[in-house]
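Since the structure comes first, as structure tokens, the remarks are kept for the end.
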Amino acid sequence: MNRAEFIARLRKGLIGLNAKAADDIVADYEAHFDDALAAGRTEEDVAAALGNPDRLARELKAEAGAQAWNQQPTASNAMGAVFGILGLGAIDILILLPLVLPVFGTVLTFLIGGVGVFIAGGGVMVVGPFLGLPGGVLAAILMGIGLMGLGIFMVAAMAILTKWLIDATIWYARLHYRVVKPALEPAKA
């Protein structure tokens, strides 16, 4: 594979990354080719030493998603980090999906349940005094406040757990990248 083919495949693999970041990455690899050619290496040698540009693009996108999450932990950055990591390879997906989906599904269920408990608590607090519940008006209001507090606790706990899970997923991706990175770097003479 020559320089043009490598750069074209790398650029195609970086689709989805913001344009400036993709251009910076491509410029770095263009400079890498220029330096290697100046040192007397062929384009084919450089491309072979860099490895598969499709795999390289997936790793770079995963790292960019992880950095965006670390700089600003928002929902969109979380999704970018998780999807970037899942894009690292089919083997990883086959290993991680059976572990990750039930955990994230459970967290989402508790999150939605927390919202439901909060809304139910508000309903008990507002409507309870008029229903003649045992314990009277004060008991209905306190039960409603208690349910609302439980709902807030559930949502907050699941938000914290979600952040920890995303951080753990990013840690796994970086560990994976550190294992693969030596194979991507050219051999030193």
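Just the heavy atoms: all of them, side chains too, but no hydrogens, waters or symmetry mates, feed the values below. Note that the structure is a prediction, hence the values are computed from the model and not measured.
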Hey, does [Y] have a side-chain heavy atom less than 4.5 Å from the side chain of [X]?
X: His32; Y: Leu50; value: yes
X: Arg41; Y: Leu37; value: no
X: Asn52; Y: Arg9; value: yes

Rounded distance [0.5 Å steps], [atom1] in [X] versus [atom2] in [Y]:
X: Leu108; Y: Leu101; atom1: CG; atom2: CG; answer: 11.5 Å
X: Ile7; Y: Tyr29; atom1: CD1; atom2: OH; answer: 9.0 Å
X: Met158; Y: Phe110; atom1: CE; atom2: CZ; answer: 6.5 Å
X: Thr162; Y: Leu111; atom1: OG1; atom2: CG; answer: 6.5 Å
X: Leu161; Y: Ile166; atom1: CG; atom2: CD1; answer: 10.0 Å

In terms of hydrophobic clusters joined by side-chain contacts under 4.5 Å, are [X] and [Y] together?
X: Ile119; Y: Val155; answer: yes
X: Ile152; Y: Leu150; answer: no
X: Ile15; Y: Leu56; answer: no
X: Val115; Y: Met125; answer: no
X: Trp164; Y: Phe104; answer: yes

Residues Lys12 and Asp54 bridged, charged N to O under 4.0 Å: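 Salt bridge between Lys12 and Asp54, a charged N being under 4.0 Å from a carboxylate O: no.
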Main-chain N/O of Glu30 paired with Arg3 side-chain donor or acceptor, under 3.5 Å: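 Yes; judged by distance alone, with no hydrogens or angles, the pair exists.
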Which residues share a ring-ring contact (aromatic ring centres under 6.0 Å, His included) with Phe33, sequence neighbours left out: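 For Phe33 the ring-ring contact (aromatic ring centres under 6.0 Å, His included) partners, ignoring immediate neighbours, are Phe6.
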query: Which atom pair, heavy atoms only, marks the closest approach of Met1 to Ala47?
result: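 Distance-wise, the nearest heavy atoms are O-CB, 3.4 Å.
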Which pairs would a plain distance check flag for residues 126-147, meaning a side-chain donor or acceptor within less than 3.5 Å of a matching protein atom at least two apart in sequence or in another chain?
none

- request: Could I get the full list of side-chain hydrogen bond (donor to acceptor under 3.5 Å, both in side chains) partners for Thr109, not counting sequence neighbours?
  value: none
